[in-house]
Protein chains: 2
Amino acid sequence: MDDSSTPGRSRPAQQAHCNSCSLSTLCLPVSLDLTDIDRLDTIISKSSPLKKGDQLFDQGQPFGSIFAIRAGSVKTYSVTADGDEQITGFYFPGELIGLSGMDSGQYPNAAQVLETTTVCDIPFARLDDLAGELPELRRQIMRTMSREIRDDQQMLLLLSKKTAEQRLATFLIRLSERFRIRGYSRTRFRLSMSRNEIANYLGLAIETVSRLFTRFQKGGLIQVEGKEIDILDLQQLYLQSGECPSLRQAP
Amino acid sequence: MDDSSTPGRSRPAQQAHCNSCSLSTLCLPVSLDLTDIDRLDTIISKSSPLKKGDQLFDQGQPFGSIFAIRAGSVKTYSVTADGDEQITGFYFPGELIGLSGMDSGQYPNAAQVLETTTVCDIPFARLDDLAGELPELRRQIMRTMSREIRDDQQMLLLLSKKTAEQRLATFLIRLSERFRIRGYSRTRFRLSMSRNEIANYLGLAIETVSRLFTRFQKGGLIQVEGKEIDILDLQQLYLQSGECPSLRQAP
DNA sequence: CGCATGTTTGACGATACTCAATGTGTGTGG
DNA sequence: CCACACACATTGAGTATCGTCAAACATGCG
């Protein structure tokens, strides 16, 4: 079996088709016209399905491509000097990964697949060329990076100021919103990451996360069964989260 | 006295001159040729000196410009639902602020001046136009955003995994490096932010920061006198910080 | 079916926070 | 120029939240 750590090589790369992709309103093609999307298509290749645990890229690996998720989910993480990892984000269909590698020429973090996942491989050199010709593409890339900065800073606030309870409530609410935007239920979904990964991401011990799930369930806020979660009282969860309502997007 | 919350308006804006600016190797003009820098100059205006406490922009304010620091220092912070603030970064000469406002059309955080500071006001719409014509400028903007993402993610790691001691050591080391790059001493410098701001940034209580300064001093690592700091044992401080040596830039 | 991995629950303890008082600097006005 | 006020900083004592350790329990895969 061939090495699937460099997606798109394990089998001959397939060309992607943004035009027919249901994610085009969330992903890079936003606000491109059909002609421009076709040009984007020519540089993008779709990976064969990656399976849980496959690396999209490793920390320190030379930066070459950014990746758009077509289906599945991915985590990014940095590794510290003493070997333990810090998860910096979870990514879902339509989202872009790898942009933080642009500056230094190598990925400053690693990306690993959480479940069976397919991605679009977008060679950065070619994307950059295209960005020079298509102003809307350029803007969309920048907007994506801008959003990433904003989201990371929101996480700084969470890690610095919020209690364990608020962190988990915030986490669930943000997931809920992201699923909603993608057309899924905002109250019933599957957590593709493990408790350990949730804990790591939220800066908590796994035991704390486990206890909180139990407490939220006893309080009637949620119903959990393994990775399946059902949010029973989104309103109450929102109050627990300490989130600022003004930052919500208009429906 | 006129409102200086919108710098560049309090007095007639002066044109900036990147060509003669000593920061051009750190700032936006990196890798632009002289002709291109001249074009950049035409859209940039230099602010009159801002004084401690002045706002560069407020959270939620419509996004219009990004700012480059010429002299002084600035903090950015987000405000939570219940009113307390989280500092998301400190910025020094040659660094760019405000890029996170691109996506949503309003600044998701606020920026406040820590000491007497002058900045360059760069209207984003015009910068964006210029980015369409100058590929190197486009790349530099993207690299800047990429670096911001990387730095924020480093902070996530710090807040999530490091002890109070490691956080402060890391903070001092990173400052040291940034001063070195700017041609200042890497062992003696002035902290333009208060203890409170350091504590806030590092996700600690002010008392903890104060105790750590004392402990570091007793341990012979540093010498503090108010805002003046002298790093006596950079090596040891580095060991305390738990930072990964591989991430250091080549000298 | 059994091992491995992941999750839950409990008891205990440490790190860092809160509260409170004292100490130090800085700017203002007499 | 000094005294006062105010913000900022330091130091101490007590405590709470969350992490660590440990064991039982569930889940899933070969």
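Per chain, numbering begins at 1; letters A, B, ... match sequence-line order.
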Rounded distance (Å) that lies between atom [atom2] of [N] and atom [atom1] of [X]:
X	N	atom1	atom2	result
E228(B)	dC8(D)	CD	C1'	16 Å
I229(A)	dT7(C)	CD1	P	13 Å
R215(A)	dG10(C)	CZ	C1'	15 Å
E225(A)	dG6(C)	CD	C1'	16 Å
E197(B)	dA7(D)	CD	C1'	13 Å
N196(B)	dC17(C)	CG	P	12 Å
D84(A)	dT20(D)	CG	P	10 Å
K161(B)	dT15(C)	NZ	P	18 Å

**OP:** Give, ordered by number, those residues of residues 163-172 of chain A having at least one heavy-atom distance below 4.0 Å to an atom of DNA chain C; if nothing qualifies, reply none.
**Re:** none
Original post:
Is there a donor-acceptor pair closer than 3.5 Å between any side-chain N or O of T170(B) and the backbone N or O of Q166(B)?
Top reply: yes
**OP:** Measure from the side-chain N and O atoms of E148(B) to the backbone N and O of M145(B), and report whether any donor-acceptor pair falls under 3.5 Å.
**Re:** no
**OP:** Please check the phosphate of dG6(C) (OP1 and OP2 only) for any side-chain N or O of K227(A) closer than 4.0 Å.
**Re:** no
**OP:** Considering non-hydrogen atoms only, spot the tightest contact between A111(A) and V74(A) and give its length.
**Re:** CB-CG1, 4.0 Å
Side-chain polar contacts of residues 65-73 of chain A - donor-acceptor pairs under 3.5 angstrom, sequence neighbours left out - could you list them?
unit_1, atom_1, unit_2, atom_2, d
S65(A), OG, D121(A), OD1, 2.8
S73(A), OG, E115(A), OE2, 2.6
S73(A), OG, S192(A), OG, 2.8

**OP:** Evaluate the side-chain contact (heavy atoms from CB on, under 4.5 Å) criterion for residues L191(B) and L175(B): first the C-alpha distance (whole Å), next the side-chain angles of each, then the deciding distance (0.1 Å), finally the verdict.
**Re:** CA-CA 9 Å; L191(B) 301 167; L175(B) 275 188; 3.5 Å; yes
**OP:** For residues F92(B) and F179(B), establish whether the separation of their ring centroids is below 6.0 Å.
**Re:** yes
Residues 218-231 of chain A, side-chain donor-acceptor partners within the protein, below 3.5 Å, at least two apart:
unit_1, atom_1, unit_2, atom_2, d
K227(A), NZ, M193(A), O, 3.4
D230(A), OD2, R188(A), NH1, 2.7

**OP:** Apply ring pair (Phe, Tyr, Trp, His ring centres under 6.0 Å) to Y77(A) and list each qualifying residue two or more places apart in sequence or on a separate chain.
**Re:** none
Enumerate all atom pairs, one protein N or O and one N or O from nucleotides 12-14 of chain C, separated by less than 3.5 Å.
none

**OP:** Output the distance between atom NZ (K162(A)) and atom CG (L168(A)), rounded to the nearest 0.5 Å.
**Re:** 11.5 Å
**OP:** List the steps and the verdict of side-chain contact (heavy atoms from CB on, under 4.5 Å) for S194(A) and E197(A).
**Re:** CA-CA 5 Å; S194(A) 69; E197(A) 286 164 333; 3.4 Å; yes
**OP:** In plain terms, say whether R147(A) and E95(A) are close enough for a salt bridge, that is, a side-chain N and a carboxylate O under 4.0 Å apart.
**Re:** no
Collect all protein-nucleotide pairs involving nucleotides 10-12 of chain D in which both atoms are nitrogen or oxygen and the distance is under 3.5 Å.
unit_1, atom_1, unit_2, atom_2, d
dT10(D), OP1, R195(B), NH2, 3.4
dT10(D), OP2, R195(B), NE, 2.9
dT10(D), OP2, S210(B), OG, 2.9
dT10(D), O5', S210(B), OG, 2.9
dT11(D), OP2, T214(B), OG1, 2.4
dG12(D), N7, R211(B), NH1, 2.8
dG12(D), O6, R211(B), NH2, 3.4

